[in-house]
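Right, one structure below, let's go through it.
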Amino acid sequence: MEKSKTPLLDQLEGGKWPSFVKDMKQAAEKSPMAKDLISQLELSYKEKIGHWKHGGIVGVKGYGGGVIGRYSDRPDLFPAVQHFHTMRVNHPTGWFYTTKALRKLCDIWDKHGSGLTNMHGSTGDAILLGMKTDQLQPCFDDLSDSGFDLGGSGSALRTPSACVGPGRCEWACIDSLDICYNLTMNYQGKMHRPMFPYKFKIKVSACPNDCVASIARSDFSIIGTWKGVIRIDQKEIDAYAASDLDIQKEVCDLCPTKCMEWDGKTLKIHDGDCNRCMHCINLMPKALRPGKEKGATILVGGKAPILEGALLSSVIVPFMKLEPPYTELKDLIDRIQDWWDEHGKSRERLGELIKRLGMRVFLRAVGLPAVPQMVKAPRSNPYVFFWPEDIKKPDEIAKEVK
Amino acid sequence: MAQIELAGKTYEVDEDGFLQELDKWSEEFAQAYAHTEDIEGTLTEEHWKVINYLRNYFQQFGIAPMIRKICKDLGIDMTKLYELFPTGPAKGACKLAGLSKPTGCV
């Protein structure tokens, strides 16, 4: 038997899981770029070093982003991947494609690039992997003619993304799809013409399950929530009680704030202590539903570790009603971006800037009041500091008390 | 490393076309190179304003300025900047100004 040329990559084909190596080998049968890509990756695994040079600057006319330049540092060995640029294509909100649209996208990509795709990247975009510089503009023109557009890259607003929300899910408290689409259309300039200190991501989850992980992955997180009490359908509770589900053990005992009581017949929820973890609603979807008054909690500052460590987003608006045309939301985004753009250092994310200058400076700058919901627990986590002029001196308090 | 020939002179450039020998830059270089960045005809006074600003900043600080700073200091907005340099400030304007390739996030 002929010895494999890629013994290290071959190991990644083992097991019962899908394998990108398998996919790439399949593509290599008709794409010379995919073939050289495999060979270069095998060399990288062998030498334990990447063989891509640091990002190049390439693009299409009128856009400052959407294409990420990549060049091989061993074009002598792998001429087909000498240029291997990536194109980000803005995905349809909620990733609802028709098969016709997907076929069209792949046809365009087979014509201009390696044929390899990544559906989808963590920004949400459809990622087209590997194209030569002279194909950039023709590929973009073909995409445009078919109704596609590029997403954001570099120090720009990245393509906003959202969970499928009301498209499939009964817990949706907001129309995440419409909000995402509306913001995408509203901020075309900020997406295609990078002008920020660094990247800025907006993600929309329609309920606190946060299926797009907006709290961990976006600078501006919009998470659907409700006001008031969780709606209980007692008849359905009885049905769950009669089923295999152990309500005490699996629902009440696992509630993180222990806000539920179960006496074997009636379920009681102390909604004031609920932190909207969704655990009980997820376990008993027929019996429990989010409250009637719906809106979203706005959080900022989430990011993955690059220059600084990872941050989760922090609450800045506990509850905002979100209805078209979302003027209040857009005004807030604009104010936040202006402040960040003005004060942020090069490659400083919003969360890092807030950490450097302080939450109270941020809140004053964007005109938001400090509210108790911003703090995890009174006195234990006081990251919202008072301004000196807000603090009353002991003698002033004494006077008031008298 | 690639070479390009512009107006009878040869220049060393990187794979994205950024000038490698920064001291070889001249106004003739910028003008002769402009058409590759989708700028037609002669560079206007407004183009030179941006190019000279970039060069001064780069000589002073050794890096390209942030885009907001360009807009603010020159009193132009992003739309205008892209009208002048259709391939964008990082790619088009810096290339013509003879700056090293700006490092940016991908």
Side-chain angles (χ1 to χ4, degrees), chain A residues 52-73 75 82-86 88 121 123 127 132-133 136-137 152-156 158 188-201 306-307 337-338 340-349, chain B residues 1-2 4 13-20 33-40 50 54 57-58 60-106:
Chain A
W52 300 116
K53 293 190 195 176
H54 183 73
I57 293 204
V58 288
V60 296
K61 199 174 168 179
Y63 283 22
V67 188
I68 297 122
R70 276 283 178 282
Y71 297 97
S72 169
D73 70 357
Q82 179 173 14
H83 302 195
F84 203 77
H85 310 314
T86 294
R88 288 195 182 144
T123 38
I127 313 271
K132 296 194 190 320
T133 306
L136 289 167
Q137 192 65 42
S153 75
S155 297
R158 299 303 182 81
Q188 285 289 302
K190 287 176 176 177
M191 266 173 65
H192 297 313
R193 289 179 272 285
M195 59 170 293
F196 293 145
Y198 205 9
K199 59 182 101 171
F200 192 95
K201 301 182 181 180
I306 298 187
L307 298 188
Q337 285 177 341
D338 280 349
W340 170 58
D341 209 359
E342 184 68 37
H343 296 91
K345 294 181 190 169
S346 179
R347 297 216 188 184
E348 186 173 43
R349 294 281 286 271
Chain B
M1 211 53 66
I4 48 156
V13 293
D14 75 357
E15 61 266 84
D16 288 329
F18 282 82
L19 192 63
Q20 293 297 287
Y33 212 10
H35 72 278
T36 65
E37 297 304 314
D38 295 317
I39 300 166
E40 282 167 27
V50 178
L54 287 172
Y57 191 96
F58 188 77
Q60 214 177 336
F61 300 104
I63 52 162
M66 279 162 71
I67 289 169
R68 185 180 177 88
K69 196 152 172 51
I70 304 176
C71 293
K72 223 170 150 180
D73 288 356
L74 295 179
I76 55 175
D77 64 13
M78 289 291 281
T79 319
K80 181 76 199 167
L81 204 50
Y82 274 82
E83 270 172 28
L84 292 171
F85 300 93
T87 55
K91 183 168 175 276
C94 287
K95 200 187 275 186
L96 296 193
L99 270 57
S100 322
K101 179 154 62 188
T103 51
C105 165
V106 285

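In the text below, chain A, chain B and the rest are named by the order of the sequence lines, each starting its count at 1. Computed from a predicted structure; not experimentally measured.
Contact record, A:Ile57 with B:Pro102: CD1-O, 3.5 Å, taken as the closest heavy-atom pair.
For A:Gln82, no part lies under 4.5 angstrom from a heavy atom of chain B. Using a 4.5 Å cut-off between heavy atoms, A:His192 touches chain B through its backbone atoms (N, CA, C, O) alone.
When each of A:Gly65, A:Gly189, A:Ala156, A:Pro194 is checked for heavy-atom pairs under 4.5 Å with chain B, A:Pro194 comes out on top.
The CG atom of B:Asp16 sits 9.0 Å away from the NZ atom of A:Lys53 when rounded to the nearest 0.5 Å.
Listed by sequence position, B:Met66, B:Ile67, B:Arg68, B:Lys72 are the residues of residues 65-75 of chain B in contact with chain A, using a 4.5 angstrom heavy-atom cutoff. At a heavy-atom separation below 4.5 angstrom, chain A is approached by B:Met78, B:Tyr82, B:Pro86, B:Thr87 within residues 76-88 of chain B.
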